> 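Pasting a structure below so you can have a look.
Being a predicted model, the structure only gives us computed values, none of them experimental. Chain A is the first sequence line, chain B the second, and so forth, proteins listed ahead of strands; every chain is numbered from 1.
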Number of protein chains: 2
Amino acid sequence: MTAGERSTDNGIECAGCPARAQSFCGAIPGRGLEALSRSRQLIQFYRRQTIVCQGAPAVSFFNVVSGIVKLYRSLSDGRTQIIGFCFPGDFFATSETDKYSTTAEAVTFVETCRFPRSRLKRLAHQFPELQTSLMERSFRHAAILEDQLVLLGRMTARERIVRFLLRYGAGPEDTKASAGRHIHLPMTRTDIADFLGLTSETVSRVLTSLARENLITVSVSHSVRLINVELLRRISCK
Amino acid sequence: MTAGERSTDNGIECAGCPARAQSFCGAIPGRGLEALSRSRQLIQFYRRQTIVCQGAPAVSFFNVVSGIVKLYRSLSDGRTQIIGFCFPGDFFATSETDKYSTTAEAVTFVETCRFPRSRLKRLAHQFPELQTSLMERSFRHAAILEDQLVLLGRMTARERIVRFLLRYGAGPEDTKASAGRHIHLPMTRTDIADFLGLTSETVSRVLTSLARENLITVSVSHSVRLINVELLRRISCK
DNA sequence: CGTGATATTGAATTGCATCAAGCTAAGTGG
DNA sequence: CCACTTAGCTTGATGCAATTCAATATCACG
């Protein structure tokens with residue numbers, strides 16, 4: 001265990017896990033849960049703490065129980081691109097190679113389950129219902145990455161930021177629903193920029209310009225409220 | 001069958017398929033091949049022909065036997081982003097939703113195997129060795145998409161184009177090896193641009209500038225030769 | 001209340017896009 | 001076999017969105 005991470009007692013059983021419904025392990029039937037509880041370690045990380053490091057030997061993968069994790073890749077000159085944010089129920093550091101391809105860092109305080117890397121394959125082998133669910137998950141994941149390719153390759157700064165706000169702030173597709181609700185964005189402006197292929201200055205500028213046009217309000221920097229969701233959706237295009 | 005596509009007789013058995021070694025079906029053991037042969041249709045497409053259309057009901061998925069397919073998404077105003085090129089052994093149009101999320105179009109004359117969409121899940125269920133291979137494939141695929149995110153989000157036009165040339169023209173990682181070899185690029189400049197998040201003009205300009213610096217030669221527009229692979233690798237960074 | 005980190009705002013710069021010609025190569029039909 | 005057409009490619013001139021550099025402003029936390 002590297003300095004700073006915290007392993008809590010594993011007394012908590014998987015059966016009672018609040019994240020289980022959204023997690024890959026949700027597909028594991030009850031009879032498998034006890035074994036699962038034994039093969040995982042519950043590990044916590046503080047904000048800014050690195051969980052796994054790009055290029056390091058891939059020994060474990062993780063499931064997010066609570067909090068937000070960012071996955072990113074860095075170029076040698078410091079440019080970084082965030083690949084995605086992981087929320088409760090997402091798993092990460094599932095590499096097919098023997099090295100981690102991305103760095104994972106806690107954006108907030110994070111609780112994770114850690115498993116040996118080989119375990120996923122074994123579990124899938126053991127439980128066919130998990131295997132199906134993993135396949136669905138991977139197709140869904142690929143679709144999200146494809147969305148992001150379009151965003152990075154072809155969208156303007158404004159479109160990118162509006163999409164980001166809608167993605168993380170609006171109920172999926174059902175117009176209206178989410179207008180006026182507060183969105184808490186625990187990541188920094190630089191994080192958002194590194195996710196959207198922009199600079200933090202541009203993120204700032206676009207947010208204030210959206211606020212000037214009464215499409216959103218930014219109370220404190222980590223809290224945004226969507227005002228005109230309809231118009232925002234139109235801006236984010238498709 | 002839509003107008004223009006060509007279904008050849010299915011007499012050719014999967015057992016003798018030249019693309020099988022690199023394909024998902026390569027993981028299916030001999031005993032399953034006869035059934036596989038029966039469940040697929042061999043379908044050919046001519047250059048520029050649309051294979052499946054973004055938004056259309058997802059009924060089939062395809063495996064490339066020969067030729068190159070491009071997958072792309074279009075925005076309503078015509079901006080398009082190519083998600084990737086599929087080569088022999090790649091499969092595409094595997095959607096988790098009931099609509100295709102990308103359009104697939106033949107870049108060259110293409111031979112494909114078409115399967116009913118539900119078949120993949122059934123096959124995976126039937127053959128555990130396929131299931132493992134699919135999982136590996138999906139992780140590898142995700143890693144490629146992540147690479148492309150970094151490229152689109154953080155790289156300059158020159159870096160993008162050099163990476164593209166190295167990716168499709170150089171043997172994997174083994175420096176030297178591939179210097180001087182001809183690379184045939186059947187896609188248009190616009191295709192390359194749509195893949196790299198650029199315009200065709202920029203692709204042209206960068207290629208001629210690389211040629212002026214004696215890093216590559218461009219004989220006819222679809223044929224490029226890498227001269228200084230070492231330096232190209234340095235430009236493409238990491 | 002002070003200090004360092006984060007965010008905003010402004011001004012200047014630039015890399016790539018856009019617009020606009022020409023150029024080239026591959027058909028096509030007389 | 002050669003003008004004519006057309007699609008794709010190259011090259012140049014100009015514009016602009018986003019970056020870069022720089023100067024505050026604001027926030028979070030001891």
Side-chain angles (χ1 to χ4, degrees), chain A residues 46-48 70 75 77-81 105 107-109 151-165 184-213 216-224 235 237, chain B residues 46-49 70 75 77-82 105 107-108 151-162 164-165 184-213 216-224 235 237:
Chain A
Y46 294 104
R47 182 176 165 81
R48 295 290 158 101
K70 69 175 177 189
L75 302 178
D77 61 0
R79 284 177 286 181
T80 82
Q81 176 66 43
E105 187 187 305
V107 172
T108 63
F109 175 74
L151 183 145
L152 293 177
R154 290 299 182 214
M155 288 190 180
T156 65
R158 166 172 275 241
E159 287 166 346
R160 294 181 202 197
I161 287 166
V162 170
R163 286 220 131 215
F164 175 79
L165 293 176
H184 184 65
L185 300 173
M187 57 290 280
T188 66
R189 295 285 183 265
T190 302
D191 282 340
I192 298 174
D194 285 344
F195 182 51
L196 300 178
L198 302 168
T199 60
S200 63
E201 292 95 325
T202 300
V203 173
S204 252
R205 272 186 254 274
V206 171
L207 285 175
T208 51
S209 100
L210 290 172
R212 244 200 315 275
E213 298 166 45
I216 62 171
T217 57
V218 183
S219 37
V220 290
S221 69
H222 290 286
S223 178
V224 173
I235 290 170
C237 78
Chain B
Y46 294 104
R47 183 177 165 80
R48 296 290 157 98
Q49 213 180 326
K70 69 175 179 190
L75 303 178
D77 62 0
R79 284 177 286 180
T80 81
Q81 177 66 42
I82 291 181
E105 186 186 306
V107 172
T108 62
L151 183 146
L152 292 177
R154 289 299 180 215
M155 289 191 178
T156 66
R158 164 170 277 242
E159 288 165 345
R160 294 179 202 198
I161 286 166
V162 170
F164 176 77
L165 293 176
H184 183 65
L185 301 173
M187 58 291 280
T188 66
R189 296 284 184 266
T190 303
D191 282 340
I192 298 174
D194 285 343
F195 183 50
L196 301 178
L198 302 169
T199 60
S200 63
E201 292 96 324
T202 300
V203 174
S204 249
R205 271 185 253 272
V206 171
L207 285 175
T208 51
S209 101
L210 291 172
R212 245 199 315 275
E213 297 166 46
I216 63 171
T217 56
V218 182
S219 37
V220 289
S221 67
H222 290 286
S223 177
V224 173
I235 289 171
C237 79

> Can you tell if the side chain of T80(B) reaches within under 4.5 Å of the side chain of R154(A), non-hydrogen atoms only?
no
> Using C1' atoms of five pairs at each end, report the bend of the helix from dC1(C)-dG30(D) to dG30(C)-dC1(D) rounded to 10 degrees.
40°
> Which nucleotide sits closest to the side chain of T199(B): dA17(C), dT11(D), dA18(D)?
dA17(C)
> OP1 or OP2 of dT10(D) less than 4.0 angstrom from a side-chain nitrogen or oxygen of T208(B), does that happen here?
no
> Between C1' on dC29(D) and OH on Y46(A), what's the gap in Å once rounded to a whole number?
17 Å
> Have a look at L198(A) and say if it touches a base, only the backbone sugar-phosphate, or nothing, with a 4.0 Å heavy-atom cut-off.
sugar-phosphate
> Let's test your reading of the model: under 3.5 Å, does the base of dG12(D) pair with the side chain of R205(B) as donor and acceptor?
yes
> Using whole Å, report how far CG of L207(A) lies from C1' of dT6(C).
14 Å
> Please give, in whole Å, the distance from dA17(D) P to R158(A) CZ?
11 Å
> Taking C-beta and beyond as the side chain, do Q81(B) and L152(A) meet within less than 4.5 Å on heavy atoms?
no
> What integer distance in Å separates R47(A):CZ from dA28(D):C1'?
11 Å
> Applying the side chain to side chain contact (heavy atoms under 4.5 Å, CB included) test to I216(B), which of L207(B), T208(B), V162(B), I161(B) qualifies?
L207(B)
> Take atom CG of D194(B) and atom C1' of dG8(D), then tell me their distance rounded to the nearest Å.
14 Å
> Can you confirm whether E201(A) sits close enough to S204(A) that some side-chain heavy atom of one is under 4.5 Å from a side-chain heavy atom of the other?
no
> Ignoring hydrogens and angles, tell me if any N or O in the side chain of H222(A) forms a donor-acceptor pair with the backbone of L185(A) under 3.5 Å.
yes
> To the closest 0.5 Å, what do you measure between CG (L210(B)) and CD1 (I235(B))?
6.0 Å
> From dC16(C), dA18(D), dT20(D), pick the nucleotide closest to the side chain of A157(A)?
dA18(D)
> Using atom CD1 of I161(B) as one end and atom P of dG15(C) as the other, report the distance to the nearest whole Å.
15 Å
> Would you indicate what T156(A) reaches in the nucleic acid, counting non-hydrogen atoms under 4.0 angstrom: base, sugar-phosphate, or nothing?
sugar-phosphate
> When the distance from CZ of R79(A) to C1' of dG15(C) is rounded to whole Å, what number comes out?
13 Å
> What nucleotide, of dT10(D), dT20(D), dT9(C), holds the atom closest to the side chain of S204(A)?
dT9(C)
> Under 4.0 Å between any heavy atoms, over every strand shown, what does R48(B) touch: base, sugar-phosphate, or nothing? Just pick one.
sugar-phosphate
> Closer than 3.5 angstrom, by distance alone: can the side chain of D191(A) be matched with the main-chain N or O of A193(A) as a donor-acceptor pair?
no
> Tell me which of R154(A) and V203(A) sits closer to the 5' end of DNA chain C, going by the nucleotide each one is nearest to.
V203(A)
> Strictly below 4.0 Å: does H222(A) bring a side-chain N or O up to OP1 or OP2 of dA7(C)?
yes
> With a 4.0 Å cutoff (strictly under), does any side-chain N or O of T202(B) reach OP1 or OP2 of dA17(C)?
yes
> Just compare dC9(D), dA7(C), dT9(C) and give me whichever is closest to any side-chain atom of E201(A).
dT9(C)
> Would you call E105(B)-R47(B) a salt bridge at under 4.0 Å N-O?
no
> For L210(B) and dT10(D), give me the distance from atom CG to atom P, rounded to whole Å.
12 Å
